[in-house]
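Computation of the quantities below employed the complete heavy-atom set of this structure, encompassing side-chain atoms and omitting hydrogens, waters and symmetry-equivalent molecules.
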Amino acid sequence: LKAMWGLSPEASVNYETFAKGIHPEDRAYVEAQVAKAVDPNGDGSYEAEFRVMGLEDNEQQWITAKGQTFFDKENRPVDFVGVAQNI
């Protein structure tokens with residue numbers, strides 16, 4: 001993920017960093033997919049294709065991402081596992 005987002009291996013990555021790297025034209029779409037994935041009334045799945053702009057190198061790339069949210073007994077999102085691939 002760090003390489004796709006144009007970050008150094010030492011860079012810290014959290015959701016804010018992830019969101020900053022998403023191309024501005026694709027940000028609303030990706031945020032909607034994330035909201036769907038953490039909705040306790042859904043199945044927790046996440047799938048999206050979008051552009052990223054390298055945060056340190058400003059290189060644009062297309063990414064495909066898939067993941068799954070896991071919920072606790074109170075139906076709150078507690079974990080997320082996923083993959084992202086440069087396409």
For Val30 and Phe18: C-alpha separation, side-chain torsions, deciding distance, then whether side chain to side chain contact (heavy atoms under 4.5 Å, CB included) applies.
CA-CA 10 Å; Val30 173; Phe18 168 81; 4.0 Å; yes
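No donor-acceptor pair under 3.5 Å is formed between the side chain of Lys2 and the backbone N or O of Leu7. With Asp57 contributing its side chain and Gly6 its backbone, the two residues share no donor-acceptor pair below 3.5 Å. When atom types are taken as modelled, the side chain of Gln68 and the backbone of Asp43 share a donor-acceptor pair closer than 3.5 angstrom. Listed for the Trp5 side chain is no donor-acceptor partner under 3.5 Å among the backbone atoms of Val52. A distance-only check finds a donor-acceptor pair linking the side chain of Gln61 to the backbone of Met4 [under 3.5 Å].
The structure places CD of Gln33 at 13.0 Å from NZ of Lys66, a figure rounded to the nearest 0.5 Å. Glu49 CD to Arg51 CZ: the interatomic distance, rounded to the nearest 0.5 Å, is 12.0 Å. If you take CZ on Phe71 and CG on Asp79, they are separated by 11.0 Å, rounding to the nearest 0.5 Å.
Shortest non-hydrogen contact noted between Ile63 and Ala84 is CG2-CB, 3.9 Å.
Using a 4.5 Å heavy-atom threshold, the side chains of Ile22 and Tyr29 count as separate. Proximity of Ser45 to Lys36: side-chain heavy atoms (C-beta onward) are separated by under 4.5 Å at one or more points. Counting heavy atoms from C-beta outward, Tyr46 and Thr69 have side chains that stay 4.5 Å or more apart.
One hydrophobic cluster, built from ILVMFWY side chains closer than 4.5 Å, holds both Leu1 and Tyr15. The cluster map of Ile, Leu, Val, Met, Phe, Trp and Tyr, joined by side-chain heavy atoms under 4.5 Å apart, puts Phe50 and Val38 in different clusters.
Heavy atoms from other residues, nucleotides or ligands lying under 6.0 Å from CD of Glu74 number more than 12.
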